Amino acid sequence: MSAIRHESYGQPPPGNDGVGEDRAAPRFRTLLQSARLIGEKSQSLCIVRDVSETGMKVRLFGTVAVDDRVCVEFKGGRTVFASVKWIEDRFAGLAFETPIDLQKIFDTAQPEYSYRAPRLEIDATATVTFGRAKLPMTILDISTSGIKLLGGDALIRGEDVTIDIEGLVRSNAVVKWKASDLVGLELEHPIPVERLADWASSREFRRSLSDMVSI
């Protein structure tokens with residue numbers, strides 16, 4: 001992670017480079033890390049393009065509006081509340097309600113850094129095939145690389161399975177963990193962010209903005 005310049009996210013970008021002239025806080029390029037935006041009635045994924053202690057620029061894959069209040073969940077589960085200040089094409093500028101610690105969230109050298117991808121808490125179903133058996137299961141949350149499901153009593157940790165989610169993916173996967181009838185699957189190949197975001201846009205979500213707590 002390296003500092004490259006200063007920027008405020010309170011005003012829309014005036015030129016094609018997407019950089020505002022009102023510069024206020026150190027800005028970092030984050031290597032296109034994904035994050036989750038949680039609103040009053042929806043959840044969506046985004047790609048963090050640039051970020052400072054006070055705000056960030058994101059590539060949107062869901063629907064938000066200027067002045068919307070959202071909760072941003074970064075990789076590893078850290079969250080902060082923010083407001084949408086501007087939208088241009090599929091990019092948006094968000095201002096954080098409280099400053100964030102960039103080192104804790106984005107510096108992979110930090111001991112507490114987590115690579116866990118942001119997960120959408122979706123109300124949907126899947127079919128898991130293991131051996132000759134097919135098991136209908138309930139999706140509790142999903143990321144580009146993993147899925148938590150309910151109804152996996154018959155599955156064994158370390159078992160190779162195939163998961164089918166209508167309209168989204170058919171993929172080989174492995175059971176990474178199990179707790180009673182809850183299981184976590186790791187997909188053989190990640191789901192593209194755009195595909196997951198498009199599929200999730202028509203689904204019901206299990207949590208809203210009022211359920212979230214900031215870091």
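These numbers were taken from a predicted model, which means no experiment stands behind them.
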S.K.: Kindly give the heavy-atom pair with the smallest separation between Ile147 and Arg119, and that separation in Å.
M.R.: N-NH1, 3.7 Å
S.K.: Between Asp68 and Ala65, is there a donor-acceptor pair closer than 3.5 Å when you use the side chain of the first and the backbone of the second?
M.R.: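 Present.
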S.K.: Do Ile156 and Val175 come close enough that some side-chain heavy atom pair is under 4.5 Å?
M.R.: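 Contact flag for Ile156/Val175 side chains = no.
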S.K.: Test Lys134 against Val128 for side-chain contact (heavy atoms from CB on, under 4.5 Å), laying out the working first.
M.R.: CA-CA 6 Å; Lys134 289 189 176 183; Val128 175; over 6 Å; no
S.K.: Do the non-hydrogen side-chain atoms of Phe61 and Ser44 ever get within less than 4.5 Å of each other?
M.R.: no
S.K.: Got a donor-acceptor contact below 3.5 angstrom from the Arg90 side chain to the Gly62 backbone?
M.R.: yes
S.K.: To the closest 0.5 Å, what do you measure between CD (Glu186) and CG (Asn172)?
M.R.: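 Glu186 CD to Asn172 CG: 12.5 Å, rounded to 0.5 Å.
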S.K.: Going through the distances and angles, do Val72 and Phe81 end up as a side-chain contact (heavy atoms from CB on, under 4.5 Å)?
M.R.: CA-CA 6 Å; Val72 182; Phe81 290 106; over 6 Å; no
S.K.: Does Val51 reach the side chain of Val58, with side-chain heavy atoms less than 4.5 Å apart?
M.R.: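 No, too far: nothing below the 4.5 Å cut-off.
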S.K.: Starting at CG of Leu149, measure out to OG1 of Thr138 and round the result to the nearest 0.5 Å.
M.R.: 8.0 Å
S.K.: What distance separates Leu187 CG from Thr144 OG1, expressed to the nearest 0.5 Å?
M.R.: 8.5 Å
S.K.: With a 4.5 Å cut-off on side-chain heavy atoms, are Leu94 and Lys85 touching?
M.R.: no
S.K.: Keeping the roles fixed (side chain from Ser52, backbone from Thr54), state whether a donor-acceptor pair exists under 3.5 Å.
M.R.: yes
S.K.: Let me see the working for Val169 and Asp164 under side-chain contact (heavy atoms from CB on, under 4.5 Å), right down to the final yes or no.
M.R.: CA-CA 6 Å; Val169 69; Asp164 284 281; over 6 Å; no
S.K.: Work out which heavy atom in Ile87 is nearest to a heavy atom in Ala92; give both atom names and the distance.
M.R.: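 Heavy-atom minimum between the residues: CG1-CB, 4.1 Å.
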S.K.: Which atom pair, heavy atoms only, marks the closest approach of Ala173 to Leu185?
M.R.: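 What the structure gives for the nearest pair is CB-CB, 4.2 Å.
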S.K.: Is there a side-chain contact between Arg36 and Glu121 (heavy atoms, below 4.5 Å)?
M.R.: yes
S.K.: Should the pair Arg69-Glu97 be classified as a salt bridge under the 4.0 Å nitrogen-to-oxygen rule?
M.R.: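 Here Arg69 pairs with Glu97 in a salt bridge, since their nearest N and O are under 4.0 Å apart.
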S.K.: Quick check: closest heavy atoms across Gly158 and Val174, and the distance to 0.1 Å?
M.R.: O-CG2, 3.7 Å
S.K.: Please lay out, stage by stage, how Leu196 and Leu168 fare under the test side-chain contact (heavy atoms from CB on, under 4.5 Å).
M.R.: CA-CA 7 Å; Leu196 178 57; Leu168 178 62; 4.0 Å; yes
S.K.: If you define the side chain from C-beta out and look only at heavy atoms, does anything of Thr162 sit under 4.5 Å from Arg170?
M.R.: yes
S.K.: Within the distance-only criterion (no hydrogens, no angle test), does the side chain of Trp199 pair as donor or acceptor with the backbone N or O of Glu166 below 3.5 angstrom?
M.R.: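 Indeed, once roles are kept as given, a pair shorter than 3.5 Å links the two residues.
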S.K.: Looking at Arg49 and Arg59, what are the two nearest heavy atoms and their distance?
M.R.: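 So the minimum-distance heavy-atom pair works out to CG-N, 4.1 Å.
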S.K.: Let me confirm one number: the CG-CG distance from Asp181 to Asp153, rounded to the nearest 0.5 Å.
M.R.: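 Rounded to the nearest 0.5 Å, the CG-CG separation comes out at 5.0 Å.
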S.K.: So, for Gln43 and Leu120, which heavy atoms are closest and what is the spacing to 0.1 Å?
M.R.: OE1-CA, 3.6 Å
S.K.: Within the 4.5 Å heavy-atom criterion, are Met137 and Leu155 side-chain neighbours or not?
M.R.: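 The answer is yes, as the side chains (C-beta and beyond) meet within the 4.5 Å cut-off.
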S.K.: For Ile139, run the side-chain contact (heavy atoms from CB on, under 4.5 Å) check against Thr125, Ile165, Leu150, Asp123 and tell me which one passes.
M.R.: Ile165
S.K.: Rounded at 0.5 Å granularity, tell me how far SG in Cys46 sits from NZ in Lys57.
M.R.: 13.0 Å
S.K.: With a 4.5 Å limit on heavy-atom distance, are the side chains of Leu135 and Thr127 in contact?
M.R.: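 When only atoms from C-beta onward are counted, Thr127 and Leu135 do not touch, as no gap falls below 4.5 Å.
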S.K.: Calculate, to the nearest 0.5 Å, the distance between atoms CD1 and OG belonging to Ile163 and Ser171 respectively.
M.R.: 8.0 Å
